[in-house]
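Below, chains carry the letters A, B, ... as their sequence lines are ordered, and counting in each starts from 1.
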Number of protein chains: 2
Amino acid sequence: MTATSSPHTYTIKEAAALTGLPASTLRYYESVGVIAPVGRGETSMHRVYTDGDMNLLVGVACLAATGMSVSDMRRYVANGALGAAAADEQIQLLEERAERLAAEARLIKIRQQYVKIKIEFWRATAAGDDTEVARLTAAARDLAQKIKPVK
Amino acid sequence: MTATSSPHTYTIKEAAALTGLPASTLRYYESVGVIAPVGRGETSMHRVYTDGDMNLLVGVACLAATGMSVSDMRRYVANGALGAAAADEQIQLLEERAERLAAEARLIKIRQQYVKIKIEFWRATAAGDDTEVARLTAAARDLAQKIKPVK
DNA sequence: GTAAAAACTTCAAGTACTTTAAGTCAACGG
DNA sequence: CCGTTGACTTAAAGTACTTGAAGTTTTTAC
């Protein structure tokens, strides 16, 4: 490795591009304590993101994408600093995410079926095929019944 | 119940599941005038969604999914652009929605993998298995790369 | 039947960003 | 050196839901 360090740093714009989070959201997460205050430029007030910051932020972006709340993200990140001691709680937070994702996947399948039926419905409507329109309307209604067992 | 009539109506919960919009959002859209006030039960105050309401709402859900603002949705619906006469446009919207749902399903699978890896990561951390921790850290990073382009 | 549970209602307050306003700082052309 | 362009800063206001509380109604279970 060359020399002491490759202290590669990123501007907020680069950090936004790499995490997929808007710059405004990065500032927001910092302001509400999801992440610790980021370092600033010597002369300017501009935020300077390190590789370590970027690693953390990529993880935070993933959690945000699973719908984790800001307060849970705050907990999760704080626990991350604690290391192995907090493993149990981390696992619990993650298992809640897994459950939510599974439920979401089930609903998406139903919606895909529903959208498919509706496309056929509008084609039949445009074609003036009243019989088919009635059949598809009933099919859509049947799909509603499938929702109940999902609970 | 005798089969004299098939009312083809939906509760707010069914409407929510089929449109993909939460019940609270359906009420909200009604309150801010994106959709006209929905019919109510004879004896109760409960909303009763007809097939016509559902067709409109599915269209609205498509618009919402593409990030259209509430004020634009209001104007769009008021213009009748989501009426029965606009079957072609409905189909166009629904096909975009089908694509979006497919993309969402893919994304959810990736997120499920990410959460799974993170759970394993914390289990390995708790067990002090440094080799496994390193492997899972790398796996999480690889997966993060897959998520970026989708967003 | 009656009684508990689940689903619905409104309204107010909360959440998670997002945008806007007003200003600072750094780089480039003239 | 000076002006202008553009990225950055904070703070406050705005947007689009979301949740909670308190109270009906409908469904379920005995």
Side-chain angles (χ1 to χ4, degrees), chain A residues 9-35 37-50 53 57 60-77 93 96-97 100 103-104 107 144-145 147-151, chain B residues 1 7 9-35 37-50 53-54 57 60-77 151:
Chain A
T9 60
Y10 307 79
T11 66
I12 196 169
K13 201 177 188 185
E14 289 168 334
L18 290 174
T19 60
L21 299 170
S24 60
T25 301
L26 295 180
R27 282 191 283 260
Y28 172 70
Y29 280 174
E30 194 180 328
S31 77
V32 297
V34 167
I35 58 169
V38 173
R40 301 306 183 102
E42 282 291 304
T43 94
S44 72
M45 284 278 89
H46 297 189
R47 285 168 181 81
V48 175
Y49 293 85
T50 66
D53 291 333
L57 281 175
V60 167
C62 289
L63 297 179
T66 71
M68 185 179 277
S69 72
V70 162
S71 63
D72 280 354
M73 285 194 278
R74 193 163 30 214
R75 279 190 80 72
Y76 184 90
V77 171
L93 285 169
E96 281 168 28
R97 290 299 97 212
R100 185 197 140 126
E104 233 173 279
L107 274 174
Q145 305 308 306
I147 295 156
K148 287 169 184 170
V150 175
K151 201 257 167 183
Chain B
M1 72 168 106
T9 61
Y10 305 79
T11 66
I12 196 169
K13 200 178 188 184
E14 290 169 332
L18 291 175
T19 60
L21 300 169
S24 59
T25 301
L26 295 179
R27 288 191 205 97
Y28 171 71
Y29 280 175
E30 195 179 327
S31 78
V32 297
V34 168
I35 58 169
V38 173
R40 302 302 184 103
E42 278 294 303
T43 91
S44 72
M45 286 276 88
H46 296 190
R47 285 169 179 81
V48 175
Y49 293 86
T50 65
D53 290 332
M54 292 306 296
L57 280 175
V60 168
C62 293
L63 300 180
T66 67
M68 185 180 279
S69 73
V70 161
S71 61
D72 282 353
M73 284 194 277
R74 190 163 32 217
R75 207 170 39 242
Y76 197 87
V77 172
K151 201 275 172 184

- prompt: Given axes from five pairs at either end, by how many degrees does the helix from dG1(C)-dC30(D) to dG30(C)-dC1(D) bend, rounded to 10°?
  reply: 30°
message: Check the phosphate of dT9(C) against Arg47(B), side-chain N and O only, distance under 4.0 Å to OP1 or OP2. Yes or no?
response: yes
- prompt: Between atom CD1 in Ile12(A) and atom C1' in dT9(D), what is the gap in whole Å?
  reply: 10 Å
field: Phosphate contact (dC8(C) OP1 or OP2) by Ser44(B) side-chain N/O below 4.0 Å
entry: no
message: Filter on salt bridge (Lys or Arg N to Asp or Glu O under 4.0 Å), then keep only pairs touching residues 62-71 of chain A, sequence neighbours left out; what's left?
response: none
query: Considering residues at least two apart in sequence or located in another chain, which fulfil the side-chain hydrogen bond (donor to acceptor under 3.5 Å, both in side chains) criterion with Arg75(A)?
result: Glu89(A)
Nearest-neighbour nucleotide for the Arg40(A) side chain, dT10(D), dT10(C), dC8(D) considered: dT10(D)
field: Under-4.0 Å side-chain N/O to phosphate OP1/OP2 contact, Thr11(A) with dA7(D)
entry: no
- line: Scanning both residues in full, the closest heavy-atom pair of Arg74(A) with Gly33(A) reads CG-O, 3.3 Å
- prompt: Separation of Lys13(B) atom NZ from dA6(C) atom C1', in whole Å?
  reply: 8 Å
- line: Output for pair (Met73(A) CE, Ile35(A) CD1), nearest 0.5 Å, gives 10.5 Å
- line: Nearest heavy-atom approach of Pro22(B) to Ala16(B) is C-CB, 4.0 Å
- line: For Ala15(A) and Tyr10(A) the tightest heavy-atom approach is N-CB, 4.4 Å
Are there any protein N/O atoms within less than 3.5 Å of an N/O atom in nucleotides 14-19 of chain C, and if so, which ones and at what distance?
| residue | atom | partner | partner atom | Å |
| --- | --- | --- | --- | --- |
| dA16(C) | OP1 | Val70(A) | N | 3.2 |
| dC17(C) | OP2 | Tyr29(A) | OH | 3.0 |
| dT18(C) | OP2 | Thr25(A) | OG1 | 2.8 |

query: How would you list, by chain and number, every residue that makes a side chain to side chain contact (heavy atoms under 4.5 Å, CB included) with Ser69(B), sequence neighbours excluded?
result: Ser71(B), Asp72(B)
query: Can you check the His46(B) NE2 to dA7(C) C1' distance for me, whole Å?
result: 7 Å
message: Please find the pair of heavy atoms, one from Tyr76(B) and one from Leu63(B), that lie closest to each other, and give the distance.
response: CD2-CD1, 3.4 Å
- request: Could you check how far CD of Glu30(B) sits from P of dC11(C), rounded to whole Å?
  value: 12 Å
Residues 23-31 of chain A side chain polar contacts: donor-acceptor under 3.5 Å, at least two apart:
| residue | atom | partner | partner atom | Å |
| --- | --- | --- | --- | --- |
| Glu30(A) | OE1 | Arg47(A) | NE | 2.7 |
| Glu30(A) | OE2 | Val38(A) | N | 3.1 |
| Ser31(A) | OG | Tyr28(A) | O | 2.8 |

task: Return the value, rounded to whole Å, for the distance between atom CD of Glu14(A) and atom C1' of dA7(D).
output: 12 Å
